[in-house]
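Small disclaimer: the values here were computed from a predicted structure and weren't measured. Any value given below was found using the heavy atoms of this structure, including those in side chains, with hydrogens, waters and symmetry copies removed. Naming convention: chains lettered A, B, ... in sequence-line order (proteins, then strands); numbering from 1 in each chain.
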There are 2 protein chains.
Amino acid sequence: MSLKSTLEIDIVKATTSKIDSVDFENLLFGNIFTDHMLVCDFKEGAWQKPIIKPYEPFMIDPSAKVFHYGQAIFEGMKAYKDENDDVWLFRPDENFTRFNKSAVRMAMPEVPEDIFIDGLKTILEIEKEWVKKGLGNTLYIRPFMIAIGSGVIAQPSTQYRFMIILSPAKSYYSGEVKVIIAEHYSRAANGGIGAAKAAGNYSAQFYPTKLANAKGFQQIIWTDDATHTKLEEAGTMNVFFRINDTLYTAPTSERILDGVTRKSLIDLAKRDGLNVEVRSVLVEELVNAAKDGSLKEIFGAGTAAVVSPIVAFSYQGTEYQLPKVENSFAQQLKEDLTKIQYKLAEDTFGWTVKV
Amino acid sequence: MSLKSTLEIDIVKATTSKIDSVDFENLLFGNIFTDHMLVCDFKEGAWQKPIIKPYEPFMIDPSAKVFHYGQAIFEGMKAYKDENDDVWLFRPDENFTRFNKSAVRMAMPEVPEDIFIDGLKTILEIEKEWVKKGLGNTLYIRPFMIAIGSGVIAQPSTQYRFMIILSPAKSYYSGEVKVIIAEHYSRAANGGIGAAKAAGNYSAQFYPTKLANAKGFQQIIWTDDATHTKLEEAGTMNVFFRINDTLYTAPTSERILDGVTRKSLIDLAKRDGLNVEVRSVLVEELVNAAKDGSLKEIFGAGTAAVVSPIVAFSYQGTEYQLPKVENSFAQQLKEDLTKIQYKLAEDTFGWTVKV
Ligand SMILES: Cc1ncc(COP(=O)(O)O)c(C=O)c1O
Ligand SMILES: Cc1ncc(COP(=O)(O)O)c(C=O)c1O
């Protein structure tokens with residue numbers, strides 16, 4: 001273990017492991033958790049000593065601020081196992097930095113690097129059997145922070161709980177993904193919290209997504225709330241559009257999550273000599289490109305879904321099919337990325353970090 | 001008790017009461033709770049039998065959806081005691097309807113009327129000693145619902161918990177309220193969840209409010225996120241502007257909470273023969289009215305704060321003072337409203353409901 005920090009962590013080991021009861025070939029995303037969790041409380045203005053202990057429910061007051069005011073943030077990361085049984089993280093510094101950006105936006109205390117990064121490495125060392133070898137197998141990592149202080153007055157809490165829980169996972173979406181372009185609902189406002197991984201951003205999408213599901217679409221591509229003319233991102237993925245041989249993705253903004261997968265794919269595409277432009281794509285452009293055949297690919301990019309090709313989109317009641325392409329950028333970039341993550345290709349970017 | 005429903009509720013009484021330890025003259029808003037709470041779970045597609053039991057923390061899984069995706073809604077109501085020791089609710093049907101509107105928007109199950117209304121009356125009957133006589137004394141009522149189903153996949157929960165907790169309260173704000181007009185941050189998007197009492201709407205305001213507090217302002221008056229030119233509402237209050245002798249308040253929309261106090265004040269103002277116009281007020285109008293002296297009053301309106309006069313506002317770094325007026329509309333409407341709530345004036349509107 002490459003943990004060099006002097007972070008003190010209490011460790012209480014589970015007496016038995018659930019691992020033998022888990023069917024690793026048939027995992028539903030995010031519904032089985034490993035034997036341990038990391039817990040670290042913030043109170044009286046300071047982070048307390050973290051503890052790693054058996055995964056279990058905990059007690060909380062009915063008036064806890066997280067229940068009433070949604071003061072809660074999270075991150076999503078993955079651990080990968082290479083052929084030598086070493087466990088790797090992908091750009092964990094990016095998730096750590098983004099977590100604390102989210103914390104600031106939600107008026108929550110920032111988590112110190114040693115608690116987040118070294119705490120994570122320590123629990124991964126304990127749970128390394130849960131990271132399975134083989135492309136597509138991962139251990140999904142969910143660091144999160146909730147406001148546990150009590151009181152039903154709309155003010156920031158003074159007490160918080162930071163936790164890390166771990167869930168073995170294959171990929172997020174299976175099957176073909178069709179999307180609907182948002183014409184009425186929206187995910188984020190200018191000056192809002194769209195760029196933070198704040199809990200409230202996600203439940204806000206459930207109802208419009210349910211409406212989309214009922215029409216046969218798995219996901220929504222959000223547009224800017226003011227004009228609904230600019231394509232932004234999907235619920236848990238940034239989005240790329242390939243028109244002819246140029247790849248477009250929206251610039252990050254206050255309304256868009258600065259995705260680690262997105263920025264990695266941009267770098268990989270550039271390395272591969274692909275033409276990448278970071279700029280807003282208009283809905284109108286997309287529709288025109290679909291009509292004249294220049295629209296070649298749309299794909300989502302995110303930690304959970306990795307690279308998720310989109311086969312069709314709907315706008316104003318019309319469904320536009322994406323063509324089958326031979327030299328798929330989505331496929332190429334997904335391979336580039338996963339090879340680095342699983343240590344099957346040289347990591348010239350220095351993105352991978354050994355646990 | 002006027003409870004006529006056939007709702008079955010399990011009741012487990014607390015063996016002792018905290019009431020004698022409470023200093024009812026010096027209450028902080030929302031931080032003391034009564035002896036009991038109402039709990040009702042939703043699972044396998046159905047609401048279970050509600051229980052009223054001692055107020056206490058409960059167990060919840062670290063992966064509960066409320067922590068990760070913010071699926072949580074609430075209401076805010078008050079109970080009032082009249083001179084005959086009867087306890088009254090104010091327009092509880094409005095809160096019930098709004099609660100279920102919020103539920104739909106957040107992809108949560110609607111709560112049946114008997115559980116919400118009759119459940120509330122039943123717990124209030126048990127806790128009636130906590131409602132103190134005298135203008136300004138109230139028992140603040142917090143119905144809320146959280147997603148307790150586990151699993152870190154961004155999808156609606158299948159399990160929910162509806163609860164009612166009660167907190168004795170005087171008024172929300174004390175002292176003079178100065179506000180800042182939002183120029184960059186915003187609270188709600190078109191097509192977003194601003195019209196729902198969703199938990200995430202509130203934590204989203206904590207950081208900008210902290211920045212406002214640091215400049216000496218207690219509250220923010222939000223503007224539309226697209227142009228920041230239209231005045232919308234405050235964090236937990238709708239807002240009224242009096243220019244000369246006309247009272248203005250923004251129309252409700254997807255971005256604005258349809259406040260019970262707001263709509264009651266509109267009715268009371270009309271009854272009193274005041275000139276009320278429901279239309280967006282532009283920031284520019286407000287600034288001009290402040291400059292030429294036609295701006296007479298600004299006040300917030302909400303259950304917690306009742307009617308809260310604003311003494312100054314800041315825009316683009318300039319602070320504008322409100323004049324002291326003799327015939328204050330805020331004062332008049334507050335009296336109108338509280339007299340009805342405390343049964344000191346005839347309730348010609350049929351707003352009050354006896355417990
Ligand atoms: C809203 C949103 N957009 C995009 C992403 C993709 O970000 P990342 O690649 O860092 O997982 C996520 C998932 O984290 C997300 O929640
Ligand atoms: C955002 C917001 N606006 C306005 C109000 C006022 O609504 P009501 O008068 O129903 O309490 C509240 C409080 O409930 C609120 O949370």
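Only the side chain of B:Met37 comes within contact range of chain A, with at least one heavy atom under 4.5 Å from a heavy atom of that chain. Of the two parts of B:Ala188, only the backbone, made up of N, CA, C and O, holds a non-hydrogen atom closer than 4.5 Å to a non-hydrogen atom of chain A. With a threshold of 4.5 angstrom between heavy atoms, B:Ser63 approaches chain A through its backbone and through its side chain. With a threshold of 4.5 angstrom between heavy atoms, A:Val39 does not approach chain B through any atom at all. A:Glu56 touches chain B through its backbone: at least one of N, CA, C or O sits under 4.5 Å from a heavy atom, while the side chain does not. At a 4.5 Å heavy-atom cutoff, the contact between B:Phe58 and chain A is made by backbone and side-chain atoms alike.
Atom CD1 in B:Ile165 sits 7.0 Å away from atom CG in A:Asp61 (nearest 0.5 Å). Here B:His68 contributes atom NE2 and A:Ile73 contributes atom CD1; the two are 12.0 Å apart, rounded to the nearest 0.5 Å.
Taking the six-membered ring wherever Trp is involved, the centroid distance between the rings of B:Phe74 and A:Phe67 does not fall below 6.0 Å.
Of all residues in residues 202-212 of chain B, those placing a non-hydrogen atom less than 4.5 angstrom from a non-hydrogen atom of chain A are B:Tyr202, B:Ser203, B:Ala204, B:Phe206, B:Tyr207, B:Pro208, B:Lys210.
Side-chain contact check for B:Phe33 versus A:Pro62: every heavy-atom pair is 4.5 Å or farther apart.
Nearest heavy atom pair, residue B:Ala199 against residue A:Gly70, reads CB-N, 3.4 Å. Here the closest non-hydrogen pair linking A:Asn190 and B:Ala226 is ND2-CA, 4.0 Å.
In this structure, B:Lys18 places its NZ atom where more than 12 heavy-atom neighbours from other residues, nucleotides or ligands lie under 6.0 Å away.
With chain B as partner, the option from A:Ile193, A:Asn31, A:Ile146 having the largest number of non-hydrogen pairs under 4.5 angstrom is A:Ile146.
Side chains of A:Asn201 and B:Tyr69: no donor on one and acceptor on the other come within 3.5 Å.
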